[in-house]
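Report on the following structure.
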There are 2 protein chains.
Amino acid sequence: MTVDCDACPLRKRACFDPMSDAELSFMKKFKVGELVVEPGTQILLEGSNSPQLFTALHGMGLRYKIGEQGARQVVNFVMPGDFVGLQAGVMKEMGHSVEATTAMTLCVFDRKELWTLFRNNPERGFDLAWLAAVEENFLGDALFAVGRRSATARVSWALLRLFIRLSSLGLVRGNSVRLPYKQQDLADALGLSLVHTNKTLAKLRDRQLAQWSDGRLSVASREELATVANVSLDEITPPVRPLI
Amino acid sequence: MTVDCDACPLRKRACFDPMSDAELSFMKKFKVGELVVEPGTQILLEGSNSPQLFTALHGMGLRYKIGEQGARQVVNFVMPGDFVGLQAGVMKEMGHSVEATTAMTLCVFDRKELWTLFRNNPERGFDLAWLAAVEENFLGDALFAVGRRSATARVSWALLRLFIRLSSLGLVRGNSVRLPYKQQDLADALGLSLVHTNKTLAKLRDRQLAQWSDGRLSVASREELATVANVSLDEITPPVRPLI
DNA sequence: CGGGGAATTGACGCTGTTCAATACTGGTGG
DNA sequence: CCACCAGTATTGAACAGCGTCAATTCCCCG
């Protein structure tokens, strides 16, 4: 009982480019199935060469790298609409692992068909390059945050970015949204220790800037949080992007 | 007096995929000229939408972001064979600025032709996605380095990565290579202060691990430097990649 | 009732920042 | 030819942001 692309709940979101009929019918062929996983499941492993590519449909996850001594760097958060496995599809292997944080369901594509995508559907190929460029752009921002911002600004930046991203997906109710990660995940994304992340979150809570507890994130004023994070709201707002 | 793609000195390098005759003839049409700039010249500006895309032919440069208070984060180093402007070509605007560190000459492409590239030359389109994926992969590594490594390991990682990269371009003579950057550039790439970068470089010099002075970098033993950097040599070695 | 994962909080100190002074270089104008 | 200057590299000293260690609490689950 899989979701038909015609009825895809993501397509209608304003944060994605509208899809032409031709593209839609191509996607229906391209999609070969669905993957449903429980929380904690590894979806892709760093260094592996998966035969399958995915687009997240429901649920949220993490992209991360593990270092020699077990240090973990979270590279990005996976949300509905995200394409997963581009590196495996285009290069030899993945540069990071992907893991489900909540229960997830993902559209499954056949890696071998990726090449026919580029040949027969150049627009979709262009879109894939777009996605890669957006990801590159984000990682540059993350690098800036980790390299050049204080702990308070860093945490503010991350929370605001997550909040706005979830907002564009239509998941924010009022001024709060479900954020099903652990403090350790955020710490590993920002290059901070768990303890200091916790204390920084407490400070933001005290200052009424952002409240994240029991898996829900509330942001009273995006503008104030942006001020603390030291970013302008529009440089943090993701562009409308293709859905694949 | 521009360089003809037939005679392109980069194409022969083993670090680039060989180019078919068809690809070669396409590149000759795609290339519309050359840009020659002096050291310090801005090539692309963050947030701008350049009508032109480039491939570095000679010389070296920097990709970087500037924050609100003038903080700078170097996002990558530009070397011969690097494609510059992908983000501008595929998204609305560049996510970072690009500047020439030395004198540079770059092949110039017309941004409007990018779309015909995807349509008429799917292999080249695929290659562009590949390049974007490689860049994404690198930024993930950089994020890991900045987020999770000590200053000594970080500097070692960067020097080793630069060294190996230049080595694959055939620029290393003996065990040393020209590295025309300032310590400030390296500091801004690694999220360190200039002072501490300087002291860390001095330590590596004392320990005979890496010597970088007067614009030349010498590495006696890649293995030892890799040990200090806490990486394996092959995870730091760039893949053979397409040249565009 | 017991156990394990996550969040929280305090104490302590190391790693890296900031401030500041010095030296060295090539370039410029008198 | 030399004084002067700006940019870069180097080094020392004081300080602080953040990491590490450790203890406690809360909560879910068996």
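Predicted model, so just to flag it, every value in this text is computed and none were measured. Letters A, B, ... are given to chains in the order of the sequence lines, protein chains preceding strands, and every chain is numbered from 1.
Side-chain nitrogen and oxygen atoms of Gln183(A) include at least one within less than 4.0 Å of the OP1 or OP2 phosphate oxygen of dT8(C).
Atom-to-atom, CG of Leu201(A) to C1' of dT9(C) comes out at 14 Å; the value is rounded to the nearest Å. Distance CD (Gln184(A)) to C1' (dG5(C)): 12 Å, rounded to an integer number of Å. Rounded to an integer number of Å, the gap from Lys182(B) NZ to dG7(D) P is 9 Å. Across the protein-nucleic acid pair, Gln69(B) atom CD and dT18(C) atom C1' stand 16 Å apart, rounded to whole Å. We find that CG of Asp188(B) is positioned 11 Å from P of dT17(C), with the value rounded to whole Å. For the pair Gln211(A) CD and dA7(C) P, the computed distance is 14 Å after rounding to whole Å.
Here the side chain of Ser97(A) pairs a donor or acceptor atom with the backbone of Glu46(A) at under 3.5 angstrom. Between the side chain of Arg154(B) and the main chain of Leu190(B), a donor-acceptor pair closer than 3.5 Å is present.
Residues Tyr64(A) and Glu99(A) have side chains that bring a donor and an acceptor to within less than 3.5 angstrom of each other.
Taken from CE in Met94(B) to OG in Ser48(B), the straight-line distance is 7.0 Å, to the nearest 0.5 Å.
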Under 4.0 Å protein heavy-atom contacts per nucleotide of nucleotides 11-30 of chain D, with B for base, S for backbone only and - for none
BBB----BSBB---------
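Contact annotation: the side chain of Val98(B) never approaches that of Gln42(B) to less than 4.5 Å [non-hydrogen atoms, C-beta and beyond].
At a threshold of 4.0 Å, the pair Asp188(A)-Lys65(A) does not count as salt-bridged, since none of the basic side-chain nitrogens sits closer than that to a carboxylate oxygen.
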